[in-house]
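Here is the structure we will look at, set down as structure tokens.
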Amino acid sequence: MGDNKNNKYEEFDGNIKNNRNNKNKILDGKRLDVHIHDCQENGSATSCRTYPVFQQKAGDYNEYSEYMTRHGCACCSLTTLLAAYVPSYRFLRPDDTIRQVEKKVFSESVWQNNYGKPMARQMPVSLYGISCVLKDSHVAHRYMGAFEDAAAMEEIEAHLFSGKPVVIETSRMKREHGRVVRWFDKKYAGSYHTMILLGIDRDDQIIFTDSATRDWAGERQRIKWAALSDLMAYMFPQKNVADRHVYFSKRKNTGGYILVDAS
């Protein structure tokens with residue numbers, strides 16, 4: 001599949017390329033900087049973009065450390081994108097995203113309404129909220145709420161082959177042919193979980209970020225590999241496409257995916 005398409009994606013360099021199968025903790029830890037080269041048609045690298053991948057349970061996010069442990073997947077993903085695409089946010093941390101970026105983009109009243117609640121009731125940034133921040137930061141993107149699986153897989157695969165990332169949201173419910181076949185499957189989410197698809201490797205596996213730790217992934221935690229069809233089984237379409245909650249509210253109000261750097 002990968003060898004037969006116009007694939008501008010170049011395999012990750014440095015630690016990712018050299019340590020994928022090694023039994024060390026280079027892909028674990030509190031933060032991992034992933035370097036991706038943009039390539040021309042002849043395969044030559046034109047630039048390098050750095051995606052810092054954060055661990056939710058790092059414990060060093062100041063007053064937001066508990067929030068990050070409980071609800072921080074979306075904030076981690078948003079911070080990764082902003083640090084990669086916005087020069088002024090190059091050294092942004094998830095706690096900076098909460099106290100600075102979210103408050104500025106969403107307004108202080110909306111921000112306070114979320115973070116002023118008891119910890120258990122505070123919610124993560126929704127996919128729509130992520131799209132609002134990307135728009136404010138002038139990062140080109142397209143939020144696809146409702147989708148059909150076959151068309152979504154084709155679009156996501158083409159977008160990744162063009163060298164551009166995709167933000168997804170997974171749940172603990174596994175679907176087949178649009179219907180839930182397993183209600184409590186926590187392979188990619190304890191409840192709901194936001195991650196970034198970064199590219200496709202030479203074995204046609206999706207390479208994606210994950211701020212959470214999963215036992216099945218072994219030493220490869222901040223960056224994981226999976227088949228797109230497997231990830232799609234845990235993704236879900238947004239039912240209420242008119243929803244404008246910038247923080248997670250209900251299942252029907254979220255879901256879908258975001259094509260980053262889309263025209």
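When reading the values below, keep in mind they use all heavy atoms of this one structure, side chains included, and skip hydrogens, waters and symmetry mates. Here the structure is a predicted model, which means the values were calculated and not measured.
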Between K224 and D210, does any side-chain N to carboxylate O distance fall below 4.0 Å? yes
Return the CG to CG distance between L81 and L92, rounded to the nearest 0.5 Å. 11.0 Å
Check: Q238/T254 side-chain N/O donor and acceptor closer than 3.5 Å: no
Is the terminal nitrogen or CZ of R49 (NZ for Lys, CZ for Arg) located under 6.0 angstrom from the six-membered ring centre of Y85 and within 45° of that ring's axis? yes
So, do Y192 and Y234 have ring centers that fall under 6.0 Å from each other? no
For R220, is there an ion pair with D28 - N to carboxylate O distance below 4.0 angstrom? no
Please check if the side chain of S137 supplies one atom and the backbone of L134 the other of a donor-acceptor pair under 3.5 Å. no
Treating Q221 as the side-chain partner and R214 as the backbone partner, does any N or O pair qualify as donor plus acceptor under 3.5 Å? yes
N/O donor-acceptor pair under 3.5 Å between S77 side chain and T194 backbone: yes
Begin with the C-alpha distance, continue with both residues' side-chain angles, and end with the deciding distance and a verdict on salt bridge (Lys or Arg N to Asp or Glu O under 4.0 Å) for E63 and R99. CA-CA 10 Å; E63 69 267 35; R99 73 168 62 90; 3.5 Å; yes
Test side chain to side chain contact (heavy atoms under 4.5 Å, CB included) on Q112 and F106 and set out the steps. CA-CA 10 Å; Q112 183 60 43; F106 301 155; over 6 Å; no
Looking only at heavy atoms, what is the nearest atom pair of I98 and W111, with distance? O-NE1, 2.8 Å
Would you say R93's side chain and D60's backbone share a donor-acceptor pair under 3.5 angstrom? yes
For the pair H71 (side chain) and T69 (backbone), establish whether a donor and an acceptor sit closer than 3.5 Å, ignoring hydrogens and angles. no
Checking the side chain of R70 only, and the main-chain atoms of M68 only, is there a donor and an acceptor separated by less than 3.5 Å? no
Could you go step by step and tell me if K104 and D136 meet the salt bridge (Lys or Arg N to Asp or Glu O under 4.0 Å) rule? CA-CA 10 Å; K104 176 177 77 75; D136 182 81; 2.7 Å; yes
So, for K30 and A58, which heavy atoms are closest and what is the spacing to 0.1 Å? CE-O, 3.4 Å
Indicate whether the side chain of H35 and that of T50 have a donor and an acceptor atom separated by less than 3.5 Å. yes
Quick check: does any side chain N or O of D201 sit under 3.5 Å from a backbone N or O of D203, one acting as donor and the other as acceptor? yes
Report yes or no: do N253 and Y128 form a side-chain donor-acceptor pair below 3.5 Å? no
Neighbour count above 12 (heavy atom, 6.0 Å) for K117 NZ: yes
Side-chain donor or acceptor of S126 paired with backbone N/O of H245 under 3.5 Å: yes
Would you check if there is a donor-acceptor pair between the side chains of E155 and Y257 at a distance under 3.5 Å? yes
Does any donor atom in the side chain of Y247 or E102 lie under 3.5 Å from an acceptor atom in the other side chain? yes
Polar side-chain atom of W225 near backbone of I200 as donor-acceptor pair, under 3.5 Å: no
Counting C-beta onward and ignoring hydrogens, is there a side-chain heavy-atom pair between E169 and C73 closer than 4.5 Å? no
Specify the closest pair of heavy atoms between G72 and Q56, including all atoms of both residues, with the distance to one decimal. N-NE2, 3.4 Å
What pairs with T80 under side chain to side chain donor-acceptor pair (under 3.5 Å), at least two apart in sequence or on another chain? none
From D204 atom CG to L228 atom CG, the distance as rounded to the nearest 0.5 Å: 10.5 Å
On a heavy-atom basis, the closest approach of T170 and L231 is CG2-O, 4.4 Å
CA sep, side-chain torsions, deciding dist, call: L197, L160, side chain to side chain contact (heavy atoms under 4.5 Å, CB included): CA-CA 8 Å; L197 311 185; L160 292 173; 3.9 Å; yes
For P94 and C75, which heavy atoms make the closest approach, and how far apart are they? O-SG, 3.3 Å
Donor-acceptor pair between T79 and T97 side chains, under 3.5 angstrom: yes
Any heavy-atom pair between the side chains of M235 and I168 that's under 4.5 Å? yes
Would one find more than 12 heavy atoms of other residues, nucleotides or ligands at under 6.0 Å from atom CZ of R90? no
Could you tell me whether the side chain of T209 reaches within less than 4.5 Å of the side chain of F54, counting heavy atoms only? no
Given 3.5 Å as the limit, does a donor-acceptor pair link the side chain of H141 with the main chain of S131, or not? yes
Which pair of non-hydrogen atoms, one from W216 and one from K187, has the smallest distance, and what is that distance? NE1-O, 2.9 Å
Considering only NZ, NE, NH1 and NH2 on the basic side and carboxylate oxygens on the acidic side, decide whether R175 and D149 come within less than 4.0 Å. yes
For the residue pair Y115 and Y67, is the inter-centroid distance of their aromatic rings smaller than 6.0 Å? yes
Near K252 NZ, under 6.0 Å, is it more than 12 heavy atoms from other residues, nucleotides or ligands? no
